[in-house]
Amino acid sequence: MSVSLQKGQKVNLSKENAGLSKVVIGLGWDEVQQKKKGFFSPKPQDIDCDASAIILTNGKLADKSDVVYFGNLRHSSGTIQHMGDNLTGAGEGDDEQIIVDLSHVPSQYDRIVLVVNIYQAIQRKQHFGMIQNAFIRLVDDRNNNEMCRYNLTEDYSGMTAMIFGEVYRHNGEWKFNAIGQGTNDTGIGDLANRYM
């Protein structure tokens, strides 16, 4: 049974799902339909959101190779894999997925922060106020059961990036924290710098 989370709410993944080893982290969003300004005005550009995982050691990013995103689809440990870039967010369900093999994540890593930024947001004059129905959900890979879901419901107008949530290890158990913090970071590099 899926737990619907509110901002700041935490859930113990290990306790609620005995034997949990691999999770699929699905992130999704829809573009708000923009009105054309006039007959001859150009069609608004699609919003390209990019999901990434920032893998931390003692709460800090130790190396840039610990960022899994469209330019680095697989972590060097082989335990975290990005399933590819969706350039438009079109379609039902997850727009991008990150698979984490929790049972084999090396012990030095204690936190996986899940972020989304709008590609070239400043140049394209785009922000999260132009996005709706944004969510993050965690699915048990063994049976495809959704364990928890966090729907972002706030207005994030003016924000170009978002810290959706984090999966973290505490006393040998994996937990999830729904964060939902909008930022003005312009790309994955700026987001990663928050954890240096």
Side-chain angles (χ1 to χ4, degrees), residues 1-29 49-63 65-69 72-83 93-117 133-154 156 161-183 185 188 191-196:
M1 185 177 78
S2 181
V3 176
S4 185
L5 301 175
Q6 303 296 316
K7 185 174 186 171
Q9 194 173 357
K10 296 175 170 74
V11 63
N12 187 324
L13 301 172
S14 301
K15 194 175 194 177
E16 304 295 324
N17 305 277
L20 177 69
S21 60
K22 195 179 280 190
V23 295
V24 178
I25 301 166
L27 300 109
W29 50 83
C49 290
D50 294 321
S52 306
I54 302 171
I55 301 108
L56 307 180
T57 303
N58 298 322
K60 295 283 186 196
L61 179 62
D63 189 86
S65 66
D66 290 333
V67 179
V68 175
Y69 68 108
N72 178 33
L73 293 176
R74 190 180 198 86
H75 188 258
S76 58
S77 67
T79 60
I80 301 158
Q81 182 174 355
H82 192 300
M83 299 309 293
D94 302 336
D95 291 312
E96 294 191 9
Q97 292 181 329
I98 296 169
I99 298 176
V100 182
D101 185 353
L102 297 173
S103 60
H104 292 99
V105 171
S107 59
Q108 74 262 29
Y109 300 113
D110 57 355
R111 194 169 298 264
I112 302 164
V113 182
L114 301 148
V115 299
V116 175
N117 66 281
N133 306 324
F135 68 86
I136 181 171
R137 68 189 193 111
L138 277 71
V139 175
D140 186 336
D141 187 62
R142 296 173 298 182
N143 50 26
N144 214 25
N145 284 345
E146 182 177 285
M147 297 177 290
C148 62
R149 173 184 287 257
Y150 170 42
N151 294 313
L152 282 74
T153 55
E154 292 179 33
Y156 294 100
M162 181 78 55
I163 302 169
F164 269 60
E166 61 186 4
V167 175
Y168 65 99
R169 196 183 337 229
H170 182 71
N171 293 333
E173 295 182 318
W174 286 100
K175 301 182 179 190
F176 175 74
N177 178 23
I179 296 175
Q181 177 188 343
T183 77
D185 295 312
I188 184 57
L191 282 161
N193 284 340
R194 290 177 167 269
Y195 300 96
M196 296 297 271

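Predicted model only: the values in this text are computed from it and were never measured.
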Checklist entry - Of all residues at least two apart in sequence or in a different chain, which pass the side-chain contact (heavy atoms from CB on, under 4.5 Å) check with Arg74? => result Gln81
Checklist entry - Tell me, do Phe176 and Val23 make a side-chain contact under 4.5 Å, heavy atoms counted? => result no
Next on the checklist: According to side chain to side chain donor-acceptor pair (under 3.5 Å), who are the partners of Asp63, at least two apart in sequence or on a separate chain?
Outcome noted: Ser65
Item to check | Minimum heavy-atom distance Cys148-Leu13, with the two atoms named | outcome: SG-CD2, 4.3 Å
Checklist outcome for this item: Residue pairs meeting salt bridge (Lys or Arg N to Asp or Glu O under 4.0 Å), one or both in residues 99-112, sequence neighbours left out, come to Arg111-Glu166
Item to check | Pairing residues for Arg169 by the salt bridge (Lys or Arg N to Asp or Glu O under 4.0 Å) criterion, not counting sequence neighbours | outcome: none
Checklist entry - Could you walk me through whether Arg194 and Val113 pass the side chain to side chain contact (heavy atoms under 4.5 Å, CB included) check? => result CA-CA 11 Å; Arg194 290 177 167 269; Val113 182; over 6 Å; no
Checklist outcome for this item: Scanning both residues in full, the closest heavy-atom pair of Leu61 with Leu56 reads N-CD2, 3.5 Å
Checklist entry - Between Ala192 and Val67, which heavy-atom pair has the shortest distance, and what is it? => result CB-CG2, 4.2 Å
Next on the checklist: Could you check whether atom CG of Asn144 has more than 12 heavy atoms from other residues, nucleotides or ligands sitting under 6.0 Å from it?
Outcome noted: no
Item to check | side-chain contact (heavy atoms from CB on, under 4.5 Å) against Ser77, all qualifying residues, sequence neighbours excluded | outcome: His75, Thr79, Pro106
Checklist entry - Less than 4.5 Å apart, any side-chain heavy atom of Glu96 and any of Tyr69? => result no
Item to check | Smallest separation among heavy atoms of Ser14 and Trp174, with atom names | outcome: OG-N, 2.8 Å
Item to check | Lys60: partners by side-chain contact (heavy atoms from CB on, under 4.5 Å), with sequence neighbours left out | outcome: none
Give every donor-acceptor pair under 3.5 Å between a side-chain atom in residues 3-11 and any protein atom, sequence neighbours left out.
from	atom 1	to	atom 2	distance (Å)
Lys7	NZ	Glu154	OE2	3.1
Lys7	NZ	Gly180	O	3.2
Gln9	OE1	Gln6	N	2.8

Checklist entry - In Å and rounded to the nearest 0.5 Å, what is the CG to OG distance from Leu138 to Ser2? => result 9.5 Å
Item to check | Spatial distance of atom CG (Leu20) from atom CZ (Arg142) [nearest 0.5 Å] | outcome: 5.5 Å
Item to check | Polar side-chain atom of Asp94 near backbone of Gln97 as donor-acceptor pair, under 3.5 Å | outcome: no
Next on the checklist: For a 4.5 angstrom cut-off between non-hydrogen side-chain atoms, does Asp50 reach Ile188?
Outcome noted: no
Checklist entry - So, does Asn117 use its side chain to make a donor-acceptor pair with the main chain of Asp185 at under 3.5 Å? => result no
Next on the checklist: Nearest 0.5 Å, please: how far is CG in Asn151 from CD1 in Ile136?
Outcome noted: 11.0 Å
Checklist outcome for this item: What one should report as the nearest heavy-atom pair of Ile98 and Ser52 is CD1-C, 3.9 Å
Checklist entry - What are the two closest non-hydrogen atoms of Leu27 and Ala51, and how far apart are they? => result CD1-CB, 3.8 Å
Item to check | Nearest-0.5 Å distance, CG of residue Asp95 to CH2 of residue Trp29 | outcome: 5.0 Å
Checklist entry - Asp66: what forms a salt bridge (Lys or Arg N to Asp or Glu O under 4.0 Å) with it, not counting sequence neighbours? => result none
Checklist outcome for this item: Applying side-chain contact (heavy atoms from CB on, under 4.5 Å) to Asp141 and not counting sequence neighbours gives Lys22, Val24
Checklist entry - Does the His104 side chain pair with the main chain of Gly78, one donor and one acceptor, at a distance under 3.5 Å? => result no
Checklist entry - Roughly how far, to the nearest 0.5 Å, is the CD1 atom of Ile54 from the CD1 atom of Ile80? => result 11.5 Å
Item to check | Results of side chain to side chain donor-acceptor pair (under 3.5 Å) for Asn17 - residues two or more places apart only | outcome: none
